[in-house]
*Asks:* 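The structure that follows is given in the form of structure tokens.
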There are 2 protein chains.
Amino acid sequence: MPRPIDERWSTMKEVANLAGVAKITVSRVLRSPELVSKTTREKVESAINKLGYVPEAAAGALSSGRSQIVAANISTLSGSIFLSTINQLSNILSKHGIQLILSNSEYSEEMEFQQLSALIAQRPLGLVLSNAFHNTKRRSMLSRIGCKVIEIWDLPENPIDYAVGFSNFDAGYSMTQFLFKDCCYKKIAFLGTKQGFDRRSEMRFQGYKDFQLKHTSEVRAFDLTASGKGNIHDGTVGLNSILNKWPDTDAIFCSGDVLAIGAVCEARRRGLRVPKDIAISGFGDIEFSNEYGIELTTVKVRGEEIGTRVANIIVGDIEGAFNINKSIDVGYDIVRRSTT
Amino acid sequence: MPRPIDERWSTMKEVANLAGVAKITVSRVLRSPELVSKTTREKVESAINKLGYVPEAAAGALSSGRSQIVAANISTLSGSIFLSTINQLSNILSKHGIQLILSNSEYSEEMEFQQLSALIAQRPLGLVLSNAFHNTKRRSMLSRIGCKVIEIWDLPENPIDYAVGFSNFDAGYSMTQFLFKDCCYKKIAFLGTKQGFDRRSEMRFQGYKDFQLKHTSEVRAFDLTASGKGNIHDGTVGLNSILNKWPDTDAIFCSGDVLAIGAVCEARRRGLRVPKDIAISGFGDIEFSNEYGIELTTVKVRGEEIGTRVANIIVGDIEGAFNINKSIDVGYDIVRRSTT
DNA sequence: TTGAAAGCGGTACCAA
DNA sequence: TTGGTACCGCTTTCAA
């Protein structure tokens with residue numbers, strides 16, 4: 001037996017009628033029960049249970065001028081490095097009764113603009129972004145958005161409101177330095193996206209380049225901007241291209257762990273020993289790589305902590321705490337395992 | 001220079017004033033521009049651009065009685081098999097201007113009840129659930145929810161509204177049969193969760209058990225209900241426990257790929273050859289396993305297709321199409337690779 | 001401690 | 001093709 005399609009939720013008014021009070025009293029029981037006498041409260045609570053009343057968020061948001069929503073836009077979800085951040089954020093927010101709206105800008109930048117409008121339409125408490133927005137139209141849109149804008153996984157020079165992340169430039173520089181000084185590789189190549197949409201990868205490349213120019217005057221980079229999304233196959237292609245072009249390369253710094261894993265597999269397939277013949281390092285320290293076959297040297301990023309900090313900014317703001325730091329650096333670690 | 005915190009968005013009324021029309025006309029330009037004359041439309045559009053007007057979703061939802069929101073509750077985000085489904089769902093919905101609210105019920109069932117209420121408060125167009133809800137209180141809550149409830153990644157006997165997935169029982173049965181008949185293993189064990197929160201894993205076990213009882217009268221299962229979440233380490237522990245208890249086991253069917261990977265690693269560590277000494281199969285066909293070290297025999301699930309189907313149910317419903325199938329079976333494939 | 005009335009910013013419905 | 005009016009369900013403000 002199908003249930004009626006037009007079934008309506010009971011309203012606060014109906015709860016009030018059943019309990020014999022005014023609807024504002026019902027509202028108080030829900031939002032500040034300490035202002036209501038015990039007797040009244042119990043009457044109201046019983047009416048709420050009897051009717052299975054669930055308040056309508058839209059009405060509350062409209063009336064009070066504040067939603068219980070946080071919006072996040074990340075570049076992609078599947079296989080994403082942002083997962084631990086988003087997961088943690090979602091957990092903390094839900095404890096405060098805040099909902100997380102997730103959108104991904106996998107496709108065009110045009111799309112992203114549409115999506116941004118759709119997110120703004122929700123009048124969220126906070127807007128979490130994984131991509132830097134340099135485009136003027138979007139920046140101006142964001143600058144008048146009226147809620148906390150939090151950029152994550154990077155530390156832009158001038159955050160719109162807040163930034164929680166680390167310096168991808170520094171991380172790129174550090175890993176290159178680590179390979180050069182601590183591991184003594186002298187012919188280091190970079191594999192990843194050098195420009196375009198993924199600014200974070202680009203900054204890692206800049207860090208690599210900066211170190212190289214200071215110490216070796218040589219930049220060996222295979223750019224995936226055109227082809228790839230940074231998947232396993234790109235790592236395969238990248239390793240081959242680099243070794244073709246610069247056969248004496250002794251280490252490859254990949255801008256992502258998945259790329260690095262692809263490169264390691266391909267190296268082994270070619271009969272090369274890792275790290276003896278070719279060293280490979282990654283970025284991100286994704287959950288799996290460490291655990292099976294490949295013990296990848298990588299840059300460990302504290303993704304969960306980023307989520308925690310973001311949540312604290314939003315929730316703290318609600319509670320009236322003053323957020324002093326516009327830019328929170330959660331740092332990173334170079335983790336040496338067996339591929340370098 | 002910090003922007004003012006109390007900056008207000010312009011309203012439809014303000015757009016109307018600037019354009020010299022009534023606000024309902026602005027609404028029409030936005031929602032059904034074909035009803036408005038070209039001259040008027042252009043005046044209004046110019047006013048919208050000038051003010052940077054973005055309509056407020058809450059007001060629209062309240063007034064029209066329909067939100068532009070779909071809510072999804074999945075058990076966990078990080079490392080999750082649901083990612084491809086959610087990603088795909090999100091992509092399609094956003095093309096229709098629908099936002100996806102994501103919540104995860106990683107913690108207690110108590111929590112899940114709270115979250116369910118919070119989601120219902122949004123009056124979503126659709127509610128997507130990855131966990132079967134057998135608990136009476138929740139069922140009754142869901143049964144009066146007034147929007148499409150779509151259960152995914154399984155095919156319950158009596159879906160609340162819709163189900164999109166496959167039979168975990170059949171899949172468990174098929175894999176066991178495959179190991180037994182096609183691969184000729186005769187001492188097959190099961191590693192996974194046998195009961196409790198994760199009904200899907202439980203159903204796979206039931207499928208395994210059903211086959212075993214029919215063909216061998218023996219059930220060898222290591223239950224992770226108490227200990228584990230199905231991570232790599234659980235796979236390690238599981239393999240050892242099974243081999244201790246039943247040393248002549250020649251194949252282990254793991255209820256998840258990650259578990260299986262852990263088991264393969266541990267087997268190799270113990271000096272066992274896979275599959276010669278011990279065969280191992282997984283479930284899910286997660287992106288990575290195939291690509292590096294381990295070519296895992298597994299059950300491939302069409303996660304993206306589930307996302308597509310779910311989106312179509314919701315969007316199709318909006319467009320008035322009639323959804324005939326309450327239960328959509330997307331099937332699964334047994335993929336034999338080198339671990340069996 | 002409780003209540004009445006006036007909105008919040010849109011949309012539905014009917015009229016012009 | 002356009003506009004007026006009455007809401008949607010809740011919170012705010014002020015009064016009792």
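So that the names make sense, note that chain A is the first sequence line, chain B the second, and so on, each numbered from 1.
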*Asks:* Quick one: list whatever passes side chain to side chain donor-acceptor pair (under 3.5 Å) with B:Ser67, sequence neighbours left out.
*Replies:* none
*Asks:* Show me the side-chain donor-acceptor pairs of residues 13-38 of chain A shorter than 3.5 Å, one per line, residues at least two apart or across chains.
*Replies:*
from, atom 1, to, atom 2, distance (Å)
A:Glu14, OE1, A:Thr11, N, 3.3
A:Ser37, OG, A:Thr40, N, 3.4
A:Ser37, OG, A:Thr40, OG1, 2.7

*Asks:* Identify, with sequence neighbours excluded, every residue that meets side chain to side chain contact (heavy atoms under 4.5 Å, CB included) alongside B:Leu155.
*Replies:* B:Ala163, B:Ser327, B:Asp329
*Asks:* Students should find this one: the first and last nucleotides of DNA chain D, 5' to 3', lying under 4.0 Å from a heavy atom of chain A. What are they?
*Replies:* D:dG9 to D:dT12
*Asks:* Step by step, would you call A:Leu93 with A:Val315 a side chain to side chain contact (heavy atoms under 4.5 Å, CB included)?
*Replies:* CA-CA 8 Å; A:Leu93 291 181; A:Val315 173; 4.2 Å; yes
*Asks:* Between B:Glu304 and B:Ser84, does any side-chain donor sit less than 3.5 Å from a side-chain acceptor?
*Replies:* no
*Asks:* Restricting to salt bridge (Lys or Arg N to Asp or Glu O under 4.0 Å), what partner residues turn up for B:Glu305, sequence neighbours left out?
*Replies:* B:Arg302, B:Arg309
*Asks:* Given the rule in the side chain to side chain contact (heavy atoms under 4.5 Å, CB included) test, do B:Ile328 and B:Ile313 qualify, once you have shown the distances and angles that lead to the verdict?
*Replies:* CA-CA 10 Å; B:Ile328 299 177; B:Ile313 289 175; 4.1 Å; yes
*Asks:* What protein N or O atoms touch nucleotides 8-12 of chain C N or O atoms at under 3.5 angstrom, if any, and at what distances?
*Replies:*
from, atom 1, to, atom 2, distance (Å)
C:dC8, O2, A:Ser63, N, 3.4
C:dG9, N2, B:Ala59, O, 3.4
C:dG10, OP1, B:Tyr53, OH, 3.0
C:dG10, OP2, B:Met12, N, 2.9
C:dG10, O5', B:Tyr53, OH, 3.1
C:dG10, N7, B:Lys23, NZ, 2.7
C:dG10, O6, B:Lys23, NZ, 3.3
C:dG10, N2, B:Ser63, OG, 3.0
C:dG10, N3, B:Ser63, OG, 3.3
C:dT11, OP1, B:Arg31, NH1, 3.4
C:dT11, OP2, B:Ser27, OG, 2.4
C:dT11, O4', B:Ser63, OG, 2.4
C:dT11, N1, B:Ser63, OG, 3.4
C:dA12, OP2, B:Arg31, NH2, 3.1

*Asks:* Name all residues meeting the side chain to side chain contact (heavy atoms under 4.5 Å, CB included) criterion together with A:Ala57; count only those two or more places apart in sequence or in a different chain, and write none if there are none.
*Replies:* B:Ala121, B:Gln122
*Asks:* Could you walk me through whether A:Leu125 and A:Cys147 pass side chain to side chain contact (heavy atoms under 4.5 Å, CB included), step by step?
*Replies:* CA-CA 6 Å; A:Leu125 293 170; A:Cys147 76; 5.9 Å; no
*Asks:* Can you give me the bend angle of the helix from C:dT1-D:dA16 to C:dA16-D:dT1? Use the axis through the first five pairs and the one through the last five, nearest 10 degrees.
*Replies:* 30°
*Asks:* May I have all residue pairs that pass salt bridge (Lys or Arg N to Asp or Glu O under 4.0 Å) and include part of residues 46-56 of chain A, sequence neighbours excluded?
*Replies:* A:Glu56-B:Arg123
